[in-house]
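Computed from a prediction, not measured in an experiment: that's the story for all the values here.
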Amino acid sequence: MVAKFRNIVWLVLAFAVFPCAGASLDTSSAQDEAFRQLRDAARKGDAVRATELAASLRDYPVPSYVDYYLLKSDLRNADETQVDAYLSRYRDTAIADRLRNDWLLIQGRQQNWASFDRHYPQFVLDDDMQVKCYALMSRADKGENVAGDARILLTLPKKYGEACYALVSDLAEKRQFGDDDIWYQSRLASENNLTTLATRIATLSGAGSAEVSKAMELPATILEQGPGNDRMSHEVYLLALGRMAKKNREQAARYLEEALPNLSEKEQAIGWSLIALPASIALSPDALEYWQKASRADIVMSPFAHEWKVRTALRRQNWPLVQEWIARMPASLQKEPSWVYWKGRALQAQGQRDKANKLFATIAGQHHFYGQLAQEELGHKIQVPAHRVTFKDSEMKAMSGNQGFLLAQKFFGMNWRFEGIREWNWQLRKMDEHQLLVAAEYARKVNLLDRMVNTSDRTKNETDFTQRFPAPYQEIVEQATGELGLDMAWTYGLVRQESRFVMNAQSSVGASGLMQVMPATARYVAKKIGLTDYRYGKINSLETNILLGTNYLNMVLNDLDGSQVLATAAYNAGPRRPKNWRSTLVRTVDGAVFAETIPFTETRDYVKNVMSNATYYAALFEKRPQSLKARLGYVSP
């Protein structure tokens, strides 16, 4: 009876007359609340509640989302004709592509390849790794060998979900994946601390789940037994070794030394690489020696491990090894700007200036950390285009009438940032560079500065750096930084990275506002500066947030010898960690080397982005060329 009623509601909604393009998206608070509840019901799979709410929203001016949430609430049991009707009615919309994504996951899970293959070619964004895994399974089902494509795709276990495990299992069953593939995937999952996934994959080789689980949870019990006499027991031993190395590298190394006579050269190399990776991330002085012992493991190492192998040589300033180990990376990794730059630096350090300059020239025009550094290596300081792009009134009018942008603004107003960003970005996908800049300028006009920055950042040739690096609230920031003697360009570089100027930004760990200040930090700083009337709610006040954020930034800067690199890392990861990372240095390194070898991926990227931002802001504020290398400075033990 419920299903019948839901289908009736669906038919009523599907053939109702809805506002046409250009209609107002103004709604009452009661309507918006019902809409929120509809989304919640869809997420919970509560089809009965979703049906009731959808019926009450017949006149809501966002019918595509009302219909989507109604379908989504029980999509597993939906008739394909309903899906087709929705996709036809709302074709070429972001939410229709989202429904296609949802439908493809269901069809893949059910291995309904006829339906999957009918819809997959129309999937526009195609950014869901699980859908990609099902697409390979569909091809394999037709007899195609997809092992090569699968090896390229399957490098990020945290995004595998059920689909990519199913792909590994399917390819193992079809003999497209051999034992080398299965054990590599198991070690990769373990490297990412996905022990359940690692166990499930390992059992595809015939290994017992109890034994593999023991290697994951109680590695010492496996290591005490030794590696055994066959391939399977050796692989289980290596899994246990990797788990032990994360807890106690020295103990893991002792176990491996004892087992070496019973392991092949390849297995020995894998073992040393499993110890070398956590040693590298811990910035241990033994890491370089471990990697040298793991030289034969290159073809069975993860991209993440390859990067840390090079970073270990980089931190020791062993430029010949930096060059050699970059050359051993997968080809796709070698092409990334970071490793192009560091290979150039390695060649330069060994006196091969011409070869180095050719590499630097390939990335010097790119507007990011490595592009800036490469430009300086070629003898040019960092500048920004002096002109601003101009726009016609007709162009701006077209953007203001874009229904996708209007819908995005409605979602932002409801604090539905995920939906708002999806709708905004959907409109950008077919725009040329000039249109992107017009869209960015429209975002400035409606005070969506984060959309302005992100939209403008998409261009490569036609640029407007006032869009990419805005300086809102400059009077407040200038006063706060001026009183402290704090570099305003650096402050803006940090704010751009922290919040993209979203006033009500909230992080998953509780940081708030423009400068993403943590509640405990806010209380501490307020007490330190004598802000006696501070209360928690004030953290989101623009003036208070900037006051507290700049004072905290100044505190960590003073505590870290005036190094912007160290202070930026401290702002993101806490003040103790940069001190610990610095204490492991054996010699003074330039700031770029220190930034590249920060153990936390988030903090490493954060520091590089903030310092790059700050250099561009300084060029805008001071109207003269800047040096990122000088800003990075040097970091000493």
So, Ser73 side chain and Leu70 main chain: donor-acceptor pair closer than 3.5 Å or not? yes
Can you see which heavy atom on Pro337 is nearest to which on Ile363, and at what distance? O-CD1, 3.7 Å
Begin from the C-alpha positions of His119 and Phe123 and carry the test side-chain contact (heavy atoms from CB on, under 4.5 Å) through to its verdict. CA-CA 7 Å; His119 288 280; Phe123 187 29; over 6 Å; no
Is any NZ, NE, NH1 or NH2 atom of the basic residue among Glu419 and Arg39 found under 4.0 Å from an Asp or Glu carboxylate oxygen of the other? yes
Carboxylate-amine/guanidinium contact Arg328 Glu324, below 4.0 Å: yes
Where is the tightest heavy-atom contact between Ile275 and Ala245, given as atom of each residue plus distance? CA-CB, 3.9 Å
Just so I know, are the side chains of Phe116 and Gln111 near enough to count as touching, which here means a heavy-atom distance under 4.5 Å? no
Is the NZ or CZ atom of Arg577 positioned over Phe600's six-membered ring, under 6.0 angstrom from the centre and within 45° of the axis? no
Is Gln323 reaching over with its side chain to a backbone N or O of Ala346, donor-acceptor style, under 3.5 angstrom? no
Just by distance, with hydrogens left out, do Asn193 and Arg243 show a side-chain donor and acceptor under 3.5 Å apart? yes
Report yes or no: does Arg89 contribute a side-chain atom to a donor-acceptor pair with the main-chain N or O of Asp84 at less than 3.5 Å? no
Salt bridge check: are Asp102 and Lys72 linked by an N-O gap of less than 4.0 Å? yes
Going through the checks in order, is the side-chain hydrogen bond (donor to acceptor under 3.5 Å, both in side chains) test met by Tyr370 and Glu336? CA-CA 10 Å; Tyr370 302 105; Glu336 292 187 4; over 6 Å; no
Taking the side chain as C-beta and beyond, is there a heavy-atom pair between Gln292 and Leu321 under 4.5 Å? yes
Between the side chains of Asp128 and Lys132, is the shortest nitrogen-to-carboxylate-oxygen separation below 4.0 Å, so that they form an ion pair? no
Ionic contact status for Lys309 with Asp298, cut-off 4.0 Å: yes
Between Met216 and Ser190, the two heavy atoms sitting closest are CE-OG, 3.9 Å
Distance alone, cut at 3.5 Å: any donor-acceptor contact between the side chains of Arg76 and Gln110? no
Between Asn609 (side chain) and Asp605 (backbone), is there a donor-acceptor pair under 3.5 Å? yes
Hey, mind stepping through Lys293 and Glu289 against salt bridge (Lys or Arg N to Asp or Glu O under 4.0 Å) and telling me if it holds? CA-CA 6 Å; Lys293 291 179 178 180; Glu289 180 184 352; 3.5 Å; yes
How long is the gap from CD on Glu267 to CG on Leu238, to the nearest 0.5 Å? 6.0 Å
Does the side chain of His306 pick up a donor-acceptor pair with the side chain of Gln334 at under 3.5 Å? no
Any side-chain heavy-atom pair of Tyr69 and Leu53 under 4.5 Å: no
Could you tell me whether Arg417 and Asp450 have a side-chain N and a carboxylate O separated by less than 4.0 Å? yes
Would you please say whether a donor-acceptor pair under 3.5 Å links the side chains of Arg118 and Ser115? no
Could you check whether any side-chain N or O of Lys246 sits under 3.5 Å from a backbone N or O of Glu191, counting only pairs where one atom can act as donor and the other as acceptor? yes
Just wondering, are more than 12 heavy atoms of other shown residues or ligands nearer than 6.0 Å to CG in Asp92? yes
In plain terms, say whether Asp180 and Arg231 are close enough for a salt bridge, that is, a side-chain N and a carboxylate O under 4.0 Å apart. yes
Can you find a side-chain donor-acceptor pair between Ser205 and Asp179 that sits under 3.5 Å? no
Anything under 30° is parallel, anything over 60° is perpendicular, the rest tilted; go ahead and classify Tyr134 against Trp113. tilted
Non-hydrogen side-chain atoms of Trp581 and Pro599 separated by less than 4.5 Å: yes
Straight-line distance of Arg429 CZ to Leu125 CG, nearest 0.5 Å: 7.5 Å
How many angstroms lie between atom NZ of Lys159 and atom SG of Cys164, to the nearest 0.5 angstrom? 10.5 Å
What one should report as the nearest heavy-atom pair of Leu277 and Ala305 is CD1-CA, 4.0 Å
Can you tell me if Asp149 uses its side chain to pair, donor with acceptor, with the backbone of Arg151 under 3.5 Å? no
Could you tell me whether Lys142 and Asp117 have a side-chain N and a carboxylate O separated by less than 4.0 Å? yes
Would you say Phe304 and Ile281 make side-chain contact, with heavy atoms under 4.5 Å? yes
A cation-pi test, strictly: NZ or CZ of Arg98 under 6.0 Å from the centre of the six-membered ring of Trp426 and no more than 45 degrees from its axis. Yes or no? no
Quick check: does any side chain N or O of Ser284 sit under 3.5 Å from a backbone N or O of Ser280, one acting as donor and the other as acceptor? no
Give me the ring orientation class for Tyr90 and Tyr86: parallel if the planes are under 30° apart, tilted from 30 to 60°, perpendicular past 60°. tilted
Gap separating the CD atom of Glu235 from the CD1 atom of Ile182, nearest 0.5 angstrom: 10.0 Å
Indicate yes or no for a side-chain donor-acceptor contact from Thr199 to the backbone of Ser209 under 3.5 Å, with no hydrogens or angles considered. no
Is the NZ or CZ atom of Arg422 both under 6.0 Å from the centre of the six-membered ring of Trp424 and within 45° of that ring's axis? no
Indicate the atoms forming the closest heavy-atom contact of Gln497 with Val610, along with that distance. CB-CG2, 3.7 Å
What I'd like to find out is whether the side chain of Trp103 reaches to under 4.5 Å of the side chain of Leu75, using heavy atoms alone. yes
Any non-hydrogen side-chain atom of Tyr237 less than 4.5 Å from a side-chain atom of Tyr255? yes
Does the side chain of Asn77 pick up a donor-acceptor pair with the side chain of Asp74 at under 3.5 Å? yes
Rounded to the nearest 0.5 Å, what separates atom CZ in Arg249 from atom CE in Met244? 13.0 Å
Side-chain contact test, heavy atoms from C-beta onward, threshold under 4.5 Å: evaluate it for Trp416 versus Arg36 and give yes or no. yes
For Glu162 and Arg109, indicate whether the former's side chain and the latter's backbone hold a donor-acceptor pair under 3.5 Å. no
What is the minimum heavy-atom distance between Ala207 and Trp183, and which atoms define it? CB-CH2, 3.9 Å
Would you give the length of the straight line joining atom OG of Ser612 to atom CG of Leu373, rounded to the nearest 0.5 angstrom? 8.5 Å
Is the closest basic N to carboxylate O distance between Glu596 and Lys608 below 4.0 Å? yes
In sequence, state the C-alpha distance, the side-chain angles, and the governing distance for Arg49 and Gln37, and then conclude on side-chain hydrogen bond (donor to acceptor under 3.5 Å, both in side chains). CA-CA 9 Å; Arg49 180 62 174 153; Gln37 292 181 26; 2.5 Å; yes
Does Phe411 have its ring centroid less than 6.0 Å away from the ring centroid of Tyr65? yes
Donor-acceptor contact present, side-chain Gln185 to main-chain Leu154, <3.5 Å: yes
Counting only heavy atoms from other residues, nucleotides and ligands, does the tally under 6.0 Å from CZ of Arg458 exceed 12? yes
Are more than 12 heavy atoms from other residues, nucleotides or ligands located less than 6.0 Å from atom CD of Gln225? yes
Is it true that Arg91 and Asp97 make a salt bridge, defined as a side-chain N closer than 4.0 Å to a carboxylate O? no
With a distance cut-off below 6.0 Å to the six-membered ring centre and an angular limit of 45° from the axis, does Arg311 pair with Trp308 as a cation-pi contact? yes
